[in-house]
Structures are given as structure tokens and as C-alpha cells.
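The figures here come from the full heavy-atom set of this structure, side chains too, leaving out hydrogens, waters and symmetry mates. Residue numbers begin at 1 in each chain, while the letters A, B, ... track the order of the sequences.
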2 protein chains.
Amino acid sequence: MDPIKQFNEYVSRKGLKNTNQRMIILETFLASESHFSTEELYLKLREEYPKIGYATVHRTLKLFAECGIAAERNFGDGQTRFEPVHGEEHHDHLVCTSCGLIIEFEEPQIEKLQESVAATHQFTIENHRLELYGLCAACAAADQ
Amino acid sequence: MDPIKQFNEYVSRKGLKNTNQRMIILETFLASESHFSTEELYLKLREEYPKIGYATVHRTLKLFAECGIAAERNFGDGQTRFEPVHGEEHHDHLVCTSCGLIIEFEEPQIEKLQESVAATHQFTIENHRLELYGLCAACAAADQ
DNA sequence: CTAGAAAATGAAAACGATTTTCAGAAGCTA
DNA sequence: TAGCTTCTGAAAATCGTTTTCATTTTCTAG
């Protein structure tokens, strides 16, 4: 579903209000490359809309996560990042510890194995996180 | 290797000093079930050794991580946790989102698939994290 | 065994990211 | 359009973590 529509539906279902700021933040969030921290998105927005406050950006990102159009991620650098959710596909991440590059990947076989591990322990999986940390090709080459 | 020996060697190699507090913290850390946050370990220690400060517990846990007898983990509840490292085996975690239960598991096949994903992207893996979040058997049953 | 340099301790303050507060502004419903 | 509710932005509060600093402890060298 169109994320803007999805957001509007969520807002009206919850009795919330639709504001200019929220639309601006949503557009910027969707238009740009993923994995924004609150700080990064705030700084980007400020270039064009200097009146938008940090708290509003933060609250709005939380709201996006709540209504399912954003996912919260944490790659261990002490900052929470948000990425747009497209459809239902799930993906995990390769994170370059040198340059910070983030690559997304999908591997259904890993997901299957996760299910079997969970079953072994009578666990019901709700969600998971898998991150592979290391060096991207460029950084590995530069390392020589 | 014996963690206490390993710690002592690290300390003398780095020109650090061996103190009562560090030994007390190490013993308590090793003796108890894993996955302590600084706060939790501090509170536990305080029962018997009320003079030990929070900062000391924190610095000591960091030191354990540095010398390889503890691993830092983050399960998304905003607290860093430490667990004793036993030998070389690697493991991942099942985390119950209801009661907080943490189960460790190993799945070599998943590790292999991770390597192949990394290779596809010319990535060199240094480490990874895999956590499966959901309900343990008890909580799933209680949920009915 | 002891003096003295170096490191460790504990309490409190600083820190950085996130969250909350609050008064005024804006959105929505009747 | 009135009036209730939510939202906004700035600032303050919060939470976990880290640092500071005066004092104490460890340990080496004499």
C-alpha cells in the first residue's frame, strides 16, 4: 500500500491530526536513502524547513514506526535509525564497520533455519534481527 | 582457558593492577547466570559488598569485554548486557519478549549461509548478531 | 620492608540520545 | 466558526553510560 495513504488511514483511525510538518517529514523520509537517525533527518529537514523542531521529527518517526511505514534499527553505534518499510518483504543487513555502508539482503533459507531453531525450543518467533558486521569490498581493498 | 587466569594475564600484560573489587566482581560475574546489565550486577553485588560503586562495576565489565572474558550484548531494551565467554564457541539468542528469558543456541548452517551472503556482496564478516524475538513456551501457553 | 609512582576507587558531575513538559498554535468536528 | 483536542517547538527532564577528581590502594624498585 502507498505509505502516505497508510499513514493517513492510521492517523484518522487513531483520532490524530494531519499536519504540514508530518507531511513534510514523511515525504523527506520516503524520498531519501534509508537508515536515517533522528539527528540526520532533522539536519536534512532543517536545510529547507528551519522551523521544524527536533522533537517533532523524533515524534513523527516514532509515529511512522507505530503505523508500520518505518522500521526502527539499531546498528550498535548508539543511534536508533529508521528505514522505510516497503511491502511485506523482510530483509537483514550487512554493515561495514569502516565506512558505515549498509547493504540490505534477503535469505529465505536463513529464515527457515531460524524457524526450526525456534521450534526446537518451543519458541514462537515474532521478529528477529540479523546483522553481519565487517568490511565492504572497498574498505577491505583500502586496508591492504 | 580459565577466565581468572586469562584476566590476570591481561592485567599484568597491560600494566594494570589487580584489586579486591575486580576479583569480587569477576567471581560474581562468572558464578551467576549470564546476561547481566551493569545495573543488575551492581545491585546484586551491593547485597554483599555495599561499598562497591556503580562506576567500578561498569569499568570492570568493560575491562572483561576488553580482555575477552565477557561479550557485550544489546537486546534492544536500552541496556547493554554482558555474558561470560566460554571458549571459542559462538552462539546466538532467543529472547522472550514477555518474560525476558534468554536462550542461547548455535546453528552452524546459519553461519554458513551468512558467509555465502557476505561473499555475494564481497563482504568480509568480522562478526554478527542474530536474535530471535518472540514468546517462550511458558509465555505462549499463558497467553491463551 | 618501605617509599613513591601509577593505577583504581567511589561519589558526583558530565554526557549524548531520547523523551517529556508546557504554553501557544493549528487541525478537526459539530 | 466555536471550541475541544491534538500538535508544535523550545527547553527541561530522563536514562543509561562515561568521565572527573580527590583519595586510596597496588605494586615495583630500592
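- When distances are taken from the side chain of A:T38 to each of C:dG27, D:dT18, C:dT18, the shortest belongs to C:dT18.
- In this structure, CZ of A:R22 is placed 5 Å from P of D:dT8, rounded to the nearest angstrom.
- Both A:V57 and A:K14 lie close to DNA chain D; mapped to their nearest nucleotides by heavy-atom distance, the more 5′-ward contact belongs to A:K14.
- When heavy atoms are screened at a 4.0 angstrom cut-off, A:R59 is found touching base atoms of the nucleic acid.
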I'd like a list of close polar pairs between nucleotides 28-30 of chain C and the protein, N/O only, cut-off under 3.5 Å.
unit_1: C:dC28; atom_1: OP1; unit_2: A:N18; atom_2: N; d: 3.0

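- Using a 4.0 Å cut-off between charged nitrogen and carboxylate oxygen, A:R129 and A:E131 count as a salt-bridge pair.
- Atom P of nucleotide C:dA8 and atom OH of B:Y10 are separated by 11 Å, given to the nearest angstrom.
- Rounding to whole angstrom units, CG of residue B:L61 and P of D:dT18 are separated by 11 Å.
- Ion pairing between a basic and an acidic side chain is recognised when a charged N comes within 4.0 Å of a carboxylate O; A:E66 and A:K14 show no such pairing.
- Nucleic acid contact class of A:S37 (heavy atoms, under 4.0 Å, all strands): none.
- The distance from atom CD of A:Q79 to atom C1' of C:dG16 is 9 Å, rounded to the nearest whole Å.
- Distance CD (A:Q21) to P (D:dA10): 11 Å, rounded to an integer number of Å.
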Taking only distance into account, with no hydrogens and no angle test, what donor-acceptor pairs under 3.5 Å do side-chain atoms of residues 47-61 of chain B form with protein atoms, sequence neighbours excluded?
unit_1: B:R59; atom_1: NE; unit_2: B:A55; atom_2: O; d: 3.4
unit_1: B:T60; atom_1: OG1; unit_2: B:T56; atom_2: O; d: 2.6

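- For C:dT19, the OP1/OP2 oxygens have a side-chain nitrogen or oxygen of A:H58 closer than 4.0 Å.
- Contact check, B:T80 against D:dT17: a side-chain N or O comes under 4.0 Å of OP1 or OP2.
- Between the OH atom of B:Y42 and the C1' atom of D:dG16 there is a distance of 14 Å, rounded to whole Å.
- A:H93 has its ring centre less than 6.0 Å from the ring centre of A:F75.
- Taking atom CZ of residue A:R73 and atom C1' of nucleotide C:dT18, one finds them 20 Å apart after rounding to whole Å.
- If you look at A:F29 and A:F64, their ring centroids are closer than 6.0 Å.
- Atom CD1 of B:I52 and atom P of D:dT24 are 18 Å apart (whole Å).
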Give the C-alpha distance, both sets of side-chain angles, the deciding distance and a yes or no for ring pair (Phe, Tyr, Trp, His ring centres under 6.0 Å) between B:H128 and A:Y133. CA-CA 5 Å; B:H128 73 265; A:Y133 296 90; 9.1 Å; no
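- Both B:Y54 and B:N20 lie close to DNA chain D; mapped to their nearest nucleotides by heavy-atom distance, the more 5′-ward contact belongs to B:Y54.
- Using a 4.5 Å cut-off on side-chain heavy atoms (C-beta onward), B:S32 and B:K44 make contact.
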